[in-house]
Amino acid sequence: MITARLTGIIFLGLFIAYGYQAQEIQLDFWASAELFDARTFPELIAIAGVLCSTLLIIFPTAVPAPELKGRLLRPAILIALMLGYSFLIEPLGFIASTALFLTLGFMVLESGATKEGDKPETTREVTTATSNENLNENLDENLDENSKESLKQTPNEITAVVAGASTAKNIIKKVSIAIAVSVIFYALMTWLGIHLELGILRLNDA
Amino acid sequence: MLEGIYLGLVTVATWQNIMLVIAGCAAGTIIGMLPGLGPISAIALMIPITYGFEPSSGMILLAGVYYGAIFGGSTSSILINAPGVAGTVATAFDGYPMATTQGQPGKALATAAYSSFAGGTIAAIILMAAAPYLSGLALSFQSIDYFLMMVLGLSLVTAFAAKGEFIKAMVMTCLGLALATVGTDLTAGVQRFTFGRMDLIDGISFLLLAMGTFALSEALMMAIRHTSASEPIRIPRTGLNLDLNELKSIFPTITRASILGFFIGVLPGAGATIASFLAYGAEKNLSKPGEIPFGEGNIKGLAAPEAANNAACTGSFVPLLTLGIPGSGTTAILLGALIAYGVQPGPQLYVNEPEIFWGVLVSMYFGNLFLLFLNLPLIPYLARLLAIPGPYLIPLIMFFSMMGVYLISFNPFDLQMMVVIAIVAVGLRLLSFPMAPLLLGFILGGMLEDNLRRALTVSDGDWQYVLERPVTIILVVCIVTALLSPVLRGLVSTRVSGMFSTLVSKLVSERASR
């Protein structure tokens with residue numbers, strides 16, 4: 001109930017902000033003579049949104065609390081990976097960044113095959129490999145305490161742990177699948193005439 | 001109409017298009033079989049591929065993906081009791097017991113395939129007969145009627161939302177509409193809600209939103225649940241045939257369920273889920289003593305929801321093709337694809353782009369045919385894909401979602417926006433907010449604004465004039481009824497409107513108790 005009310009309040013704030021922002025929309029000289037200008041529709045939506053979220057606050061529906069404890073770490077790392085990928089795809093090039101993303105993604109989920117907390121070491125490495133300043137901001141609200149810590153691990157102790165965590169053979173398998181996927185995808189796109197521009201590594205242009 | 005069918009045949013019967021139907025059905029089946037990924041994700045993942053094609057070919061491919069995904073969803077319902085789609089939940093009621101306790105997985109799959117085929121065929125015939133007439137009728141609609149039709153569609157989607165989620169669905173619709181206003185207002189030429197960012201000037205692309213709210217957030221939900229899709233599956237190699245008596249016994253069931261399914265599918269907002277539950281419930285009431293009880297592997301209990309959900313899928317194309325108004329999340333994304341191809345949806349589609357209109361209709365029939373004759377025998381092999389270990393699957397889905405968006409804009413900002421949208425979507429999903437109304441609101445937002453503007457400009461801002469015509473009044477009454485439906489449902493809960501919700505809750509609780 002409380003969660004439902006809280007989401008209602010968040011939505012109410014969102015729609016009020018939206019309506020307020022709608023007043024900032026620039027209108028041209030003729031707009032004052034028109035019935036329907038660029039602000040009209042957003043204003044209508046804002047009114048409807050405020051009404052609906054008020055209803056949500058008044059009549060909250062009970063939601064069966066999802067079993068989340070200890071389950072958010074893996075998705076959080078995947079999110080971090082995706083964001084990292086989006087930042088790396090241009091500087092690093094398509095093939096390298098994709099292969100990296102896929103390898104680390106495979107590893108994160110593999111490590112989850114065991115129970116939570118048993119072996120979070122592999123996943124820690126993964127995050128730092130691609131993390132950067134922006135991640136923390138974007139993720140703060142979505143991470144539980146546990147994973148916030150894991151974002152701040154230092155690379156040194158992590159690489160050490162990882163080496164023991166997965167067997168070399170397993171890693172080679174994942175790396176080769178990841179490289180194969182990215183190379184095949186790249187070749188396919190080139191064949192289709194879509195130029196990924198980025199190539200293997202971005203060496204040629206300044 | 002015959003001319004139209006001929007035109008459709010000519011459009012579809014090129015090598016390229018036939019290959020696309022086959023490819024679409026196969027790809028849809030594979031994606032639909034993966035637990036958690038539904039038709040919306042399947043279509044969203046395939047859209048980037050279609051950008052290089054003619055609009056008619058693109059739509060043909062996507063329609064194939066749609067059927068394939070439903071087909072694949074019923075396969076995983078029957079084999080592993082994990083419905084990938086809400087529309088195939090009812091399939092598992094009798095399909096799974098039939099495949100397991102009765103040990104007839106091949107027969108269960110075949111029944112599902114034959115029923116889907118029959119349902120799709122019957123619905124395609126009704127659609128072909130009715131659609132041109134409806135398009136003609138729709139041409140007499142005015143802007144205000146369009147506006148109200150769309151509002152009606154949105155309110156019906158919320159009215160048909162699961163019990164207790166009515167308000168949530170409304171909030172999601174408003175959110176979708178709000179997101180639709182981001183970008184440049186083309187009429188006034190001013191920027192709205194772009195916060196001065198270049199990246200937002202063109203607005204949020206519908207593909208990005210669809211990927212973020214469906215494919216990507218479904219992949220993240222899979223990671224949260226951490227269901228590895230590696231559960232071993234018994235693969236039926238033989239016994240994909242039904243004997244004549246069984247065919248005879250399910251024939252009336254299929255006919256009834258198909259017609260019911262089609263008309264429920266036509267209603268905006270209702271769609272495959274409701275159709276399959278209602279058809280299942282109806283057949284259950286009609287069952288004779290002496291049969292295998294429903295819920296324990298009755299062949300009719302499998303045939304009814306399968307025929308109904310396929311017929312409803314075809315039926316949901318009616319509002320899309322004739323009015324250009326989608327009635328469900330899936331048809332909304334198809335509409336988004338049409339707009340992206342540069343095709344003007346609406347009743348004019350029938351006049352201006354007959355090859356799309358008839359091509360899609362005929363390809364639906366072809367799609368059903370291929371699903372029956374190509375996919376069914378291939379199921380044992382396709383089912384092996386279900387054994388792809390989860391660790392590989394989830395990152396690959398994420399990669400393909402991101403590429404689908406990136407290959408269009410080559411803008412990393414889009415990827416970041418998509419990830420943020422997916423994060424919000426996961427949060428909302430966990431709080432059981434439905435995602436389909438959001439997508440529907442987003443795609444209808446622009447059209448709603450255009451039609452409202454036009455209507456008010458024509459009438460010079462006089463609402464009185466707007467509300468004078470009988471069509472308009474009927475639509476307004478329908479909208480008010482739909483929006484008040486939770487209240488009305490409370491008043492007459494024992495009667496008509498409560499019937500469905502009690503039926504569903506009964507079926508679900510029966511299921512849970514077993």
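Just so you know, these numbers come straight off a predicted model, no measurement behind them. All chains are named by letter (A, B, ...) in the order of the sequence lines, taking the proteins before the strands, and each is independently numbered beginning at 1. No hydrogens, no waters, no symmetry mates; every other heavy atom, side chains included, goes into these values.
- Contacts of A:Leu51 with chain B are absent, with no heavy-atom separation under 4.5 Å from either backbone or side chain.
- Note on B:Gln416, B:Met170, B:Met418: by heavy-atom pairs under 4.5 Å with chain A, the leading option is B:Gln416.
- Using a 4.5 Å cut-off between heavy atoms, A:Ala22 touches chain B through backbone and side chain atoms alike.
- If you measure heavy-atom distances from B:Phe413 to chain A, you find no contacts under 4.5 Å at all.
- For A:Thr40, no part lies near chain B; criterion is any non-hydrogen pair under 4.5 Å.
- Residue contact with chain B, scored on non-hydrogen atoms closer than 4.5 Å, involves the side chain of A:Phe101 exclusively.
- Among all heavy-atom pairs drawn from B:Ile443 and B:Met447, the shortest one is O-SD, 4.3 Å.
- Of the residues considered (A:Ser182, A:Pro75, A:Gly49), A:Pro75 shows the highest number of contacts with chain B, using heavy-atom pairs under 4.5 Å.
- Annotation: side-chain contact (heavy atoms from CB on, under 4.5 Å) contacts of A:Val50 (sequence neighbours excluded): A:Leu12, A:Phe15, A:Ile16, A:Thr54.
- Looking only at heavy-atom pairs under 4.5 Å with chain A, the residue among B:Thr194, B:Leu220, B:Leu415 that has the most is B:Leu220.
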- Message: As a quick check of understanding, evaluate side-chain contact (heavy atoms from CB on, under 4.5 Å) for A:Phe11 and B:Leu175, giving each step before the final call.
- Response: CA-CA 9 Å; A:Phe11 272 115; B:Leu175 188 62; 3.9 Å; yes
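- Scanning for side-chain contact (heavy atoms from CB on, under 4.5 Å) contacts around B:Thr50 gives B:Ile47, B:Phe53, B:Leu61, B:Leu62, B:Tyr341, with sequence neighbours left out.
- Centroid-to-centroid, the aromatic rings of A:Tyr85 and B:Tyr406 stay 6.0 Å apart or farther.
- Considering every non-hydrogen atom in both B:Pro395 and A:Gly105, the closest pair reads CG-C, 3.5 Å.
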- Message: Walk me through whether B:Thr181 and A:Tyr18 qualify under side-chain hydrogen bond (donor to acceptor under 3.5 Å, both in side chains).
- Response: CA-CA 10 Å; B:Thr181 57; A:Tyr18 177 81; 2.5 Å; yes
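- Of all the listed residues (B:Leu428, B:Val419, B:Val426, B:Leu216), the one sharing the greatest number of non-hydrogen pairs under 4.5 Å with chain A is B:Val419.
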